[in-house]
Asks: 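After the structure tokens below, expect a handful of questions from me.
Protein chains get the first letters and strands the later ones, always in sequence-line order, with residue 1 at the start of each. Just so you know, these numbers come straight off a predicted model, no measurement behind them.
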Amino acid sequence: MSENIIITFPDGNTKSVVKGISGFDLASQISKSLAKESVAIKIDGKISDLSLAINQDCKVVIIKRENDEALDIIRHDCAHVMAEAVQSLFPGTQVTIGPSIENGFYYDFARKEPFTLSDLPKIEKKMHEIVNKDEKFAREVWSREKAIKFFKEKGEEYKVELIQDLNPDEELTIYKQGEWLDLCRGPHMISTKQIGKGFKLMKVAGAYWRGDSKNAMLTRIYGTAWRNEKELEKHLQQIEEAEKRDHRKLGKEMNLFHFQEEAPGAVFWHPKGWQLFQSLINYMRLRQDRAGYVETSTPELLDKSLWETSGHWEKFGDHMFITDAKEEKVFAIKPMNCPGAVEVYKQGLKSYRDLPLRMSEFGKVHRYEPSGALHGLMRVRAFTQDDAHIFCTEDQITEESKIVCDLILSIYKDFGFDDVRIKFSDRPEKRVGEDVVWDKAEEALRQAMEATKLQYTLNPGEGAFYGPKLEFVLRDAIGRDWQCGTLQVDLNLPERLGATYVAEDGKKKIPVMLHRALFGSLERFTGILIEHYAGHLPLWLSPSQIVVATITSDSDNYAFDVKDQLLKNGLRSEIDIRNEKIGYKIREHSNSKIPIILAVGKKEAEDKTVSVRRIGSSETKVMKLKELINNLQKESASPIN
RNA sequence: GCCGCGUUAGCUCAUUUGGUAGAGCAGUUGAUUUGUAAUCAUCAGGUGGUCAGUUCGAUUCCGACACGCGGCACCA
């Protein structure tokens, strides 16, 4: 007589079943289609294999292929299948770890000869074979000794190291598929067949063992995996879409900027790119003026001793550019604006009445970034920060932080970024200052966050070396996250650099310094905007707003007249009177993302009208030039006017 | 910085056992005066990233370096 247990389903229904039933059999009892669709089971909140026996009363959620959690399992299964494929094709390759990640999975292998792109088709083919073999995933619990002995004999040194570092209380499980097995927590599906065909190997890369650059470099293979081929196809299309938006490609097509090897990581801004860059600065300057900031500018070169005092030298000296001046002094090109800001602050005695003092600077900084980190405008060695340092009392931290948060969110909105996340990074391991000071700084920032009532996530140990920080992450039009703004509470540098103010009681005190940047790097923000808008910048940011294109040379004079009037009314315009067909001109200017093309021919010249064509639309609208100017002046105004 | 891959005309790309390179677009010149995403012809354009090496001979094979691309690590 077998014992029964009670299963409770998410809808509250219960079912009495035989003890030891597998999740799969349970699903089968409900319906065949459910069994077919299910990939795993959650027992009392813990996700497990469908094959696992259920031995006690419990709450159960059957995870179906369509559920989000299923994707992780499919991807993880895929990683196992890839590892099997690799080891069968390339004997002697060691396996290390292979998790599921966003959009897919990877597996890190140790092999003398790293894999190359040309190995992927072979591996992928083998994977399909393994999937089709319908190998069952089997879970086994092994002792530490057995596992270590097994992997040692196989020459899997990395696995042995992983096992030795496992929490001793944790059950050690092995997952087998056919002949192949791997140390793994699971869960996995019933069989490899369930993976289906919706996967593809994407790229190979080097990756350090355990993510530490002191360790050996492994060879990583990335794959993407989905529920089916249709989803895979959709994902591949999204990648294509992202490639089309690549700011490096668009920057070339739109003639905004270039890089060259004589200045790695430094931007050559072309006239149009610089126009855009200046639009951003003008906008930010106006916003800051209105928010009570004063603007400064400080030297690019500062004596090394100042960086030693600030603490930058010790932590970032290797990443600073140093001058070879023809004198004994060593100068460093500034990697940050803060010491300069403090020196400006220190001129003249400051009273508590002067605080908060909000000092901004569009400071160009240079950082010797590792060569492998450089990436278009997104990661450069020379960039411009919309930096500011707010000197205030401890009591003012909360209020000032709140003002910065409000300002930043309002500014992002003007650029079409409504979805902004905030990360709170607290003290890192390597830092300056006493812990009591850090306690104070972190607490003040926490209070500020409470005052703003904004949601944030904790980012432990990621603060700056001198203080905790908030990081503002915005989400672009195709769902990618970009970290831009930052707010840092600094109770250390003002003291190190000797900043003081006279308090109400006549005694000298040390001010708090809030570092903040809103765009962060102007260069990077420009790149983000290009990708966010896919090059179709809104009119107020577009470097070239209008092109006047003639139909025939009869209209040249009128076209010049139109352009002059547009320019006089503050609209950035160009003229195209080349001896080409209008279709040719339209194609060319559309490709370079000019927002508005005005075609002018005989009719327009006679009527003092223009034929207006907007980018992204093939419609044309004939209107009086005056009317157009009127409309565009409103439309092209920056959002703050 | 580390691993892998790449670098051919202004741009986008061809050129397989090593025998000094082709196309389209852009440019020139000429014709055409054209109505909403490529008019026709003409000419010109390259020390194949740089430097070394193997070879009778290197864009092609080997090496170093530079820069770029994809990751990893880093990101005040």
Side-chain angles (χ1 to χ4, degrees), chain A residues 106 108 111 113-119 202-222 246 248-249 252-253 255 259-265 307 310-320 334-339 365 367-376 378-381 385 428 430-432 462-467 469 483 486 488 490 493 515 517 520-521 524 549-556 577-591 597-604 611-613 615 617-622:
Chain A
Y106 67 78
D108 285 347
R111 181 170 181 248
E113 285 283 299
F115 295 109
T116 68
L117 231 40
S118 56
D119 295 322
M202 304 297 283
K203 51 198 171 195
V204 292
Y208 296 109
W209 167 236
R210 299 196 146 174
D212 189 334
S213 59
K214 289 189 209 72
N215 290 341
M217 173 78 46
L218 306 171
T219 173
R220 173 175 296 181
I221 302 179
Y222 282 97
D246 192 312
R248 293 164 299 187
K249 180 173 168 281
K252 200 179 272 177
E253 286 170 13
N255 194 12
F259 290 91
Q260 62 187 52
E261 64 179 272
E262 287 80 358
W307 302 106
S310 71
H312 287 96
W313 190 261
E314 197 198 338
K315 187 143 200 302
F316 292 107
D318 290 345
H319 297 282
M320 287 167 73
K334 66 176 175 182
M336 285 195 82
N337 303 301
C338 30
V365 296
R367 299 177 179 178
Y368 186 73
E369 302 285 4
S371 58
L374 302 180
H375 180 95
M378 302 305 186
R379 190 79 184 268
V380 287
R381 285 183 176 156
Q385 289 179 313
K430 208 171 166 187
R431 58 179 182 263
V432 297
E462 296 294 320
F465 73 85
Y466 47 72
K469 63 181 177 183
Q483 189 171 306
T486 174
Q488 303 163 4
D490 183 356
L493 287 193
H515 306 239
S521 149
R524 181 176 147 87
T550 49
I551 308 287
T552 73
S553 55
D554 292 342
S555 321
D556 285 0
I577 56 165
R578 289 175 302 172
N579 180 8
E580 296 288 354
K581 289 189 170 178
I582 190 69
Y584 178 90
K585 296 182 184 181
I586 288 191
R587 179 183 156 81
E588 193 166 279
H589 300 304
S590 297
N591 281 339
I597 299 170
L598 303 181
V600 297
K602 254 187 202 148
K603 277 183 279 176
E604 286 80 5
S611 169
V612 185
R613 187 189 164 109
I615 190 151
S617 159
S618 54
E619 272 175 52
T620 60
K621 201 171 167 189
V622 177

Asks: So which nucleotide does B:U29 pair with, by the Watson-Crick or G-U wobble rule with both distances under 3.5 Å?
Replies: B:A41
Asks: With heavy atoms under 4.0 Å as the rule, sort A:Ala205 into base, sugar-phosphate or nothing.
Replies: base
Asks: Looking only at heavy atoms, what is the nearest atom pair of A:Thr552 and A:Asp556, with distance?
Replies: O-OD1, 3.9 Å
Asks: Where do A:Arg367 and A:Gln385 come nearest, in terms of heavy atoms and distance?
Replies: NH2-NE2, 3.7 Å
Asks: How close do A:Ala517 and A:Gly520 get, counting heavy atoms only, and between which atoms?
Replies: CB-CA, 3.9 Å
Asks: Less than 4.0 angstrom between a side-chain N/O of A:Lys469 and OP1 or OP2 of B:A76, yes or no?
Replies: yes
Asks: With a 4.0 Å limit, can you tell me whether A:Arg248 has a side-chain N or O closer than that to the phosphate oxygens OP1/OP2 of B:C69?
Replies: yes
Asks: Hey, is the side chain of A:Arg379 pairing donor to acceptor with the base of B:C74 inside 3.5 Å?
Replies: yes
Asks: Could you measure between the two C1' atoms, the one in B:U60 and the one in B:G45, and give it in whole Å?
Replies: 23 Å
Asks: Now, which nucleotide makes the Watson-Crick or G-U wobble pair with B:A14, with each of the two distances under 3.5 Å?
Replies: none
Asks: Let me know the distance between CD of A:Gln260 and P of B:G68, rounded to the nearest Å.
Replies: 11 Å
Asks: Counting side-chain heavy atoms from C-beta on, which of B:C72, B:G68, B:A38 comes nearest to A:Arg587?
Replies: B:A38
Asks: From the options B:A37, B:A76, B:C67, select the nucleotide whose nearest atom is closest to the side chain of A:Asn591.
Replies: B:A37
Asks: Would you mind pulling out the nucleotide paired to B:U50, Watson-Crick or G-U wobble, both distances under 3.5 Å?
Replies: B:A64
Asks: Using a distance-only criterion (donor-acceptor N/O pair, under 3.5 Å, no hydrogens), is the base of B:A37 paired with the side chain of A:Arg613?
Replies: yes
Asks: Does any donor-acceptor pair link the side chain of A:Ser611 with the base of B:U36 at a separation under 3.5 Å?
Replies: yes
Asks: From NZ of A:Lys334 over to P of B:A76, roughly how many Å is that when rounded to an integer?
Replies: 18 Å
Asks: Heavy atoms from C-beta onward define the side chain here; which of B:G1, B:A76, B:U36 lies closest to that of A:Met320?
Replies: B:A76
Asks: Between A:Arg381 and B:C74, is there a contact of a side-chain N or O with OP1 or OP2 at under 4.0 Å?
Replies: no
Asks: Report, as yes or no, whether the 6.0 Å neighbourhood of atom CD on A:Glu262 holds more than 12 heavy atoms from other residues, nucleotides or ligands.
Replies: yes
Asks: With sequence neighbours left out, write down each residue that passes ring pair (Phe, Tyr, Trp, His ring centres under 6.0 Å) with A:Tyr368, or none if nothing qualifies.
Replies: A:Phe321
Asks: For A:Asp246 and B:U12, give me the distance from atom CG to atom P, rounded to whole Å.
Replies: 12 Å
Asks: Do any side-chain nitrogens or oxygens of A:Lys315 fall under 4.0 Å of OP1 or OP2 in B:A76?
Replies: no
Asks: Describe the nucleic acid contact of A:Thr219 in one word from base, sugar-phosphate, nothing, applying a heavy-atom distance below 4.0 Å.
Replies: nothing
Asks: Between the base of B:U36 and the side chain of A:Ser618, is there any donor-acceptor pair under 3.5 Å?
Replies: no
Asks: Can a side chain N or O of A:His375 be found less than 4.0 Å away from OP1 or OP2 on B:G70?
Replies: yes
Asks: Of the candidate nucleotides B:A76, B:A38, B:C72, which contains the atom at the shortest distance from the side chain of A:Tyr584?
Replies: B:A38
Asks: B:C62 and B:A58: how far apart are their C1' atoms, nearest whole angstrom?
Replies: 11 Å
Asks: Side chain of A:Pro114: nearest nucleotide among B:A37, B:C75, B:C3?
Replies: B:C3
Asks: Could you tell me the separation between the CD atom of A:Glu253 and the P atom of B:A26, rounded to a whole number of Å?
Replies: 15 Å
Asks: Which nucleotide, B:U39, B:G27, B:C74, lies nearest any side-chain atom of A:Glu369?
Replies: B:C74
Asks: Is there a side-chain polar atom (N or O) of A:Lys252 under 4.0 Å from OP1 or OP2 of B:U12?
Replies: yes
Asks: Among B:G70, B:A76, B:G1, which is the nearest nucleotide to the side chain of A:Pro370?
Replies: B:G1
Asks: Tell which nucleotide pairs with B:A58, taking only Watson-Crick or G-U wobble pairs whose two distances are both under 3.5 angstrom.
Replies: none
Asks: Phosphate oxygens OP1/OP2 of B:C72: is one of them under 4.0 Å from a side-chain N or O of A:Tyr222?
Replies: yes
Asks: Does A:Glu113 have more than 12 heavy atoms from other residues, nucleotides or ligands lying within 6.0 Å of its CD?
Replies: no
Asks: Distance criterion of 3.5 Å, no angle test: do you see the side chain of A:Tyr208 paired donor-to-acceptor with the base of B:G71?
Replies: no
Asks: Counting the atoms with a prime plus P, OP1 and OP2 as sugar-phosphate, which does A:Gly311 contact under 4.0 Å by heavy atoms, base, sugar-phosphate, or nothing?
Replies: nothing
Asks: If the C1' atom of B:A44 is compared with that of B:G49, how far apart are they to the nearest Å?
Replies: 24 Å
Asks: Where each residue is assigned the nucleotide of RNA chain B containing its nearest heavy atom, which of A:Gly376 and A:Ser553 is assigned the position nearer the 5′ end?
Replies: A:Ser553
Asks: Write down the distance between NZ (A:Lys203) and P (B:C5), rounded to a whole number of angstrom.
Replies: 17 Å
Asks: Between B:G24 and B:A41, how many Å separate the two P atoms, rounded to a whole number?
Replies: 10 Å
Asks: B:U8 pairs with which nucleotide, Watson-Crick or G-U wobble, both distances below 3.5 Å?
Replies: none
Asks: Have a look at A:Gly601 and say if it touches a base, only the backbone sugar-phosphate, or nothing, with a 4.0 Å heavy-atom cut-off.
Replies: base
Asks: Less than 3.5 Å between a donor and an acceptor, one on the side chain of A:Glu604 and one on the base of B:G35, is that the case here?
Replies: yes
Asks: Expressed in angstrom and rounded to an integer, what is the separation of A:Ile221 atom CD1 from B:C5 atom P?
Replies: 14 Å
Asks: Measuring from the side chain of A:Ser213 (C-beta onward, heavy atoms only), which nucleotide among B:C72, B:A26, B:A73 has the closest atom?
Replies: B:A73
Asks: Using the P atom as the reference point in each nucleotide, state the distance between B:U36 and B:G46 in Å, no decimals.
Replies: 39 Å
Asks: When we call it a touch if two heavy atoms are under 4.0 Å apart, what does A:Tyr466 touch: a base, just sugar-phosphate, or nothing?
Replies: sugar-phosphate
Asks: Check A:Ile582 against A:Ala599 and note the closest heavy-atom contact, atom names and distance.
Replies: CD1-CB, 4.0 Å
Asks: Both A:Val204 and A:Ile551 contact RNA chain B. Which one's nearest nucleotide lies toward the 5' end?
Replies: A:Ile551
Asks: Decide, yes or no, whether a salt bridge links A:Asp246 with A:Arg248 under the criterion of side-chain N to carboxylate O below 4.0 Å.
Replies: yes
Asks: Between B:A9 and B:G27, how many Å separate the two C1' atoms, rounded to a whole number?
Replies: 11 Å
Asks: Nearest to the A:Thr116 side chain among B:C5, B:A76, B:G71, which nucleotide is it?
Replies: B:C5
Asks: Quick one: A:Lys603 NZ to B:U36 C1', roughly how many Å, whole number?
Replies: 11 Å
Asks: If you measure from the C1' atom in B:G57 to the same atom in B:C13, how many Å do you get, rounded?
Replies: 28 Å
Asks: If I take atom CG in residue A:Leu218 and atom P in nucleotide B:G4, what distance separates them, rounded to the nearest angstrom?
Replies: 13 Å
Asks: Partners of A:Phe115 by ring pair (Phe, Tyr, Trp, His ring centres under 6.0 Å), sequence neighbours excluded?
Replies: A:Phe90, A:Phe109
Asks: Using atom C1' of each nucleotide, how far apart are B:U8 and B:A76 to the nearest Å?
Replies: 42 Å
Asks: If you only use heavy atoms from C-beta on, which nucleotide in B:A73, B:U12, B:U36 is closest to the side chain of A:Ile582?
Replies: B:U36
Asks: Where do A:Glu580 and A:Lys585 come nearest, in terms of heavy atoms and distance?
Replies: O-CE, 3.5 Å
